[in-house]
Amino acid sequence: MTEVPLSLGQALGWAREQIDGVDARALLCHVAECSHATLSGFPERMLTHPQARTFERLVERRLIGEPIAYLVGAREFYSRRFRVGAGVLIPRPETEVLVEEALRRVAGREQLRVLDLGTGSGILAITLALELGARAESVVAVDRSAEALGYAVWNAGALGARVDFREGDWLAGLEGYQFDLVVSNPPYVADGDPHLARGDLRFEPVSALASGPAGLDDIRLIARSLGPHLAAGAWVLIEHGWDQAADVRAILASAGLAQVGSADDLAGISRVSFGRRRIDGTSAIAVD
Ligand code: GLN
């Protein structure tokens with residue numbers, strides 16, 4: 001077992017010989033409970049022995065590829081800190097596009113009934129609840145995974161968001177409920193996609209990532225069952241893979257939605273597709 005040096009500077013130097021420098025700083029700040037500025041400004045500050053041992057173990061786990069978000073137990077999303085861990089998808093920056101597009105589409109509207117399908121750590125439901133504030137009449141969030149919901153409930157409590165979390169399979173269990181805004185970041189990676197065996201994805205729950213041979217099974221399932229749950233004028237926004245925009249737009253259109261389109265993420269990739277139930281409420285009933 002390597003003897004970890006006990007000053008911040010030495011610990012950082014030791015870790016950087018083994019893992020990426022940015023990762024090393026993130027892990028060290030986490031263990032030493034200090035800011036990046038402290039790390040740079042006070043490299044002579046000492047780690048305690050337990051901190052040094054914890055740091056050593058985290059560097060070892062990083063070496064075998066475990067995601068940084070799981071090692072530090074958190075990831076930022078829309079400028080808020082969300083608790084995450086093994087068993088729940090790690091928030092991605094591209095999902096912020098979905099939040100922005102959703103907020104843009106309901107600008108000026110009040111008494112919004114919001115639904116987040118496959119909420120995971122709760123990022124979409126909680127962010128929308130907090131950003132909409134009093135304009136949200138209710139926010140319901142569903143996930144099939146009790147483990148994921150544990151994180152979501154914790155995050156909502158820590159961030160002071162009022163969200164009604166429910167364990168369930170997409171829209172099953174929501175009979176009789178109608179919504180004005182439905183968002184989802186469902187699993188959408190194709191079952192055989194080699195990315196599932198690379199990087200962070202290896203450590204994330206496959207149930208949150210993979211969805212059939214083309215990755216579209218869950219998006220189809222959601223679109224098929226949305227009809228009775230959409231109030232007149234309701235918006236639906238779904239995140240999807242880089243090459244799925246045309247397919248998802250077709251799925252939304254065949255579910256009877258109007259104003260169907262897609263929005264790009266910061267990398268210029270069509271990442272979110274959306275559609276709207278007509279104001280007069282016609283033809284929103286799903287057909288396959
Ligand atoms: N964006 C993720 C990835 O490809 C997938 C997330 C998802 O399936 N919802 O890494």
Side-chain angles (χ1 to χ4, degrees), residues 20 23 62 65-71 74-78 82-102 115-128 141-145 147-149 151-152 155 165 168-171 182-226 236-249 251-252 262-274:
D20 173 75
D23 293 352
R62 183 63 195 144
E66 230 178 292
I68 287 287
Y70 287 170
L71 297 178
R75 177 54 49 93
E76 200 171 289
F77 181 79
Y78 219 78
F82 287 83
R83 183 167 169 179
V84 294
V88 70
L89 190 81
I90 299 167
R92 313 282 208 265
E94 54 266 29
T95 305
E96 294 181 345
V97 172
L98 200 159
V99 172
E100 271 160 17
E101 290 296 323
L115 172 64
D116 175 14
L117 292 168
T119 194
S121 60
I123 55 168
L124 287 175
I126 292 168
T127 304
L128 288 171
V142 175
D143 207 287
R144 198 166 42 192
S145 157
E147 203 177 353
L149 285 175
Y151 287 102
N155 284 323
F165 290 106
D169 217 350
W170 302 130
L171 292 132
V182 180
V183 295
S184 183
N185 175 15
Y188 55 69
V189 180
D191 282 343
D193 191 316
H195 288 101
L196 292 170
R198 291 190 205 141
D200 285 3
L201 273 66
R202 284 173 294 164
F203 293 84
E204 294 182 286
V206 74
S207 59
L209 290 165
S211 186
L216 291 166
D217 285 10
D218 283 288
I219 292 178
R220 280 207 182 89
L221 213 60
I222 291 169
R224 236 199 312 262
S225 32
L226 269 177
V236 178
L237 296 98
I238 298 182
E239 180 176 320
H240 50 69
W242 64 275
D243 56 351
Q244 294 172 332
D247 286 326
V248 176
R249 285 196 301 268
I251 291 169
L252 294 176
S262 301
D264 288 355
D265 65 15
L266 294 174
I269 295 168
S270 260
R271 184 48 83 178
V272 170
S273 291
F274 46 79

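Both counts, for ligands and for their atoms, begin at 1 and track the order of listing.
Proximity of L201 to ligand 1, defined as any heavy-atom pair under 4.0 Å, is confined to the side chain (atoms from C-beta onward). Within the 4.0 Å heavy-atom criterion, neither part of H195 lies near ligand 1.
For a threshold of 3.5 Å applied to N or O pairs, the pair formed by P186 and ligand 1 contains at least one separation below that value. Checked against a 3.5 angstrom limit, the closest N/O atoms of N185 and ligand 1 fall inside it.
Those atoms of ligand 1 with a heavy atom of P187 less than 4.0 angstrom away are 8 (O). Atoms of ligand 1 lying under 4.0 Å from at least one heavy atom of A208, given by number and element, are 7 (C), 8 (O), 9 (N).
With R271 contributing its side chain and H240 its backbone, the two residues share a donor-acceptor pair below 3.5 Å.
When hydrogens are left out, the protein atom nearest atom 3 (C) of ligand 1 is R92 NH2, 3.7 Å; that is the closest non-hydrogen contact. Considering only non-hydrogen protein atoms, atom 8 (O) of ligand 1 sits nearest to Y188 N, 3.3 Å. Nearest to atom 4 (O) of ligand 1 among the protein's heavy atoms is V189 CG2, 4.1 Å.
The shortest side-chain heavy-atom distance between F77 and V99 falls under the 4.5 Å cut-off. Contact check for P186 versus I222: side-chain heavy atoms found under the 4.5 Å cut-off. When side chains are defined from C-beta on, D193 does not count as touching L201, because their heavy atoms never get closer than 4.5 Å. In this structure, the side chains of T119 and L149 come closer than 4.5 Å at one or more pairs of heavy atoms.
In this structure D23 satisfies the side-chain hydrogen bond (donor to acceptor under 3.5 Å, both in side chains) test together with R62, sequence neighbours excluded. For the side-chain hydrogen bond (donor to acceptor under 3.5 Å, both in side chains) test, no residue two or more places apart in sequence or in another chain qualifies with R202.
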